[in-house]
Amino acid sequence: NTEFDALVLSDYNKKIFNNGLAKKLIELANSRGLPSVVDPKPANALSFCGASLFRPNIKEAREITGCKRTDEETVVKTLYEMIRGKYVAVTCGKKGIACYNGNEFAEIPTKVREIVDVTGAGDTVCAAMTLGLISGLDLFEAAHLGNYAASVVVEKYGTSIVTKEELIERIKEDDDF
């Protein structure tokens, strides 16, 4: 058995995932039935093939796929084919998150009320989506959770966190929930 619920790999392009390390870690997580969640940089994107969730931002996704002037759906589906993982979720700034699970595409709208600072928003989405997936949510439900969490963080100045209480309150405030 394992003491871990998921593997999260955040690539800051520091060369740590070069030479097959990412592939080995993803294969190990997959062999143990653990979700592997990746926040990649374009230069190393193909090192993360087979991850359970591949979560770049739209600029990075366009660079990885070469789809410079196409809609988000085309970018996300192209990325899915390239990565050969379970899910792709691309953060699209104010538009929200574009998701694809191999069968269904959806754009999950953002929940932001006011943007103060976007520092760490992508990391927050990644963490919240991981929490959602290990808690039994599907891709689209996990993306909603990621959007709620990011909506709290971007309303704060600088690198910040979202507390459990803040997340619960934000979800309760949403008329669509």
Side-chain angles (χ1 to χ4, degrees), residues 1-58 60-61 64 76 79-91 96-104 106 108 111 118-154 156 158-171 177:
N1 213 344
T2 179
E3 298 178 27
F4 305 99
D5 295 315
L7 170 70
V8 178
L9 302 175
S10 291
D11 182 13
Y12 293 97
N13 205 19
K14 302 294 183 190
K15 312 285 187 240
I16 191 170
F17 295 116
N18 291 2
N19 302 320
L21 178 60
K23 181 181 179 190
K24 289 176 186 172
L25 290 171
I26 290 167
E27 287 173 351
L28 181 62
N30 291 345
S31 73
R32 294 185 180 196
L34 298 174
S36 50
V37 178
V38 174
D39 188 355
K41 289 296 178 209
N44 308 313
L46 297 180
S47 298
F48 299 100
C49 288
S52 305
L53 174 61
F54 193 83
R55 202 232 43 87
N57 65 41
I58 189 63
E60 294 164 335
I64 295 164
V76 171
L79 192 57
Y80 180 88
E81 295 302 320
M82 292 174 70
I83 298 305
R84 302 178 311 276
K86 188 172 182 181
Y87 304 132
V88 170
V90 175
T91 53
I97 303 173
C99 303
Y100 186 59
N101 66 5
N103 295 310
E104 185 180 348
I108 310 301
K111 301 297 181 180
V118 297
T119 304
D123 293 327
T124 300
V125 168
C126 196
M129 287 188 72
T130 302
L131 173 64
L133 292 173
I134 65 175
S135 299
L137 300 182
D138 67 26
L139 170 64
F140 307 107
E141 294 165 333
H144 278 287
L145 186 65
N147 268 341
Y148 283 118
S151 76
V152 173
V153 167
V154 300
K156 300 177 183 181
T159 303
S160 59
I161 63 166
V162 57
T163 66
K164 176 178 71 173
E165 294 77 18
E166 288 172 319
L167 184 57
I168 291 169
E169 185 61 30
R170 182 57 50 93
I171 293 168
F177 184 72

Novice: Which class fits the ring pair F48 and F54: parallel under 30°, tilted 30 to 60°, perpendicular over 60°?
Specialist: tilted
Novice: So which atom in L145 and which in I171 form the shortest heavy-atom distance, rounded to 0.1 Å?
Specialist: CD1-CD1, 4.0 Å
Novice: Locate the shortest heavy-atom distance separating Y100 from V76; write the atom from each residue and the value.
Specialist: CB-CG1, 3.4 Å
Novice: Looking only at non-hydrogen atoms, find the nearest pair between L25 and L7 and report the distance.
Specialist: O-CD2, 3.4 Å
Novice: Applying side chain to side chain contact (heavy atoms under 4.5 Å, CB included), run through L34 and I134 and close with a yes or a no.
Specialist: CA-CA 8 Å; L34 298 174; I134 65 175; over 6 Å; no
Novice: Could you pull out all donor-acceptor pairs under 3.5 Å where a side-chain atom in residues 38-47 meets a protein atom, sequence neighbours excluded?
Specialist:
| residue | atom | partner | partner atom | Å |
| --- | --- | --- | --- | --- |
| D39 | OD1 | R55 | NH2 | 2.8 |
| D39 | OD2 | R55 | NH2 | 3.0 |
| K41 | NZ | E60 | OE2 | 2.9 |
| N44 | ND2 | D11 | OD1 | 3.4 |
| N44 | ND2 | D11 | OD2 | 2.8 |
| N44 | ND2 | N13 | OD1 | 3.0 |
| S47 | OG | N44 | O | 3.3 |

Novice: What distance do I97 atom CD1 and N147 atom CG have between them, rounded to the nearest 0.5 Å?
Specialist: 4.0 Å
Novice: For L167 versus Y148, what's the shortest heavy-atom pair and its separation?
Specialist: CD1-CB, 3.7 Å
Novice: Do you know the tightest heavy-atom contact between K111 and R170?
Specialist: O-NH1, 4.2 Å
Novice: With a sphere of 6.0 Å drawn around NZ of K23, does it hold more than 12 non-hydrogen atoms of other residues, nucleotides or ligands?
Specialist: no
Novice: I'd like to check L131 versus D5 (side-chain heavy atoms, cut-off strictly below 4.5 Å). Are they in contact?
Specialist: no
Novice: Crowded around I16 CD1? As in, over 12 foreign heavy atoms under 6.0 Å?
Specialist: no
Novice: Kindly give the heavy-atom pair with the smallest separation between T124 and A150, and that separation in Å.
Specialist: CG2-N, 3.8 Å
Novice: So, do C126 and V37 sit near enough that their side-chain heavy atoms are less than 4.5 Å apart?
Specialist: yes
Novice: Do F4 and R32 come within less than 4.5 Å of each other through their side chains, counting heavy atoms only?
Specialist: no
Novice: Is a side-chain donor or acceptor of S36 paired with a backbone partner of S52 at a separation under 3.5 angstrom?
Specialist: yes
Novice: Yes or no on side chain to side chain contact (heavy atoms under 4.5 Å, CB included) for V152 and T163, after CA distance, side-chain angles and deciding distance?
Specialist: CA-CA 9 Å; V152 173; T163 66; over 6 Å; no
Novice: In Å and rounded to the nearest 0.5 Å, what is the CE to CD distance from M129 to E141?
Specialist: 11.0 Å
Novice: Nearest 0.5 angstrom please: E104 CD to D138 CG, how far?
Specialist: 8.0 Å
Novice: I'd like to check F140 versus N101 (side-chain heavy atoms, cut-off strictly below 4.5 Å). Are they in contact?
Specialist: yes
Novice: Would you say I26 and L9 make side-chain contact, with heavy atoms under 4.5 Å?
Specialist: yes
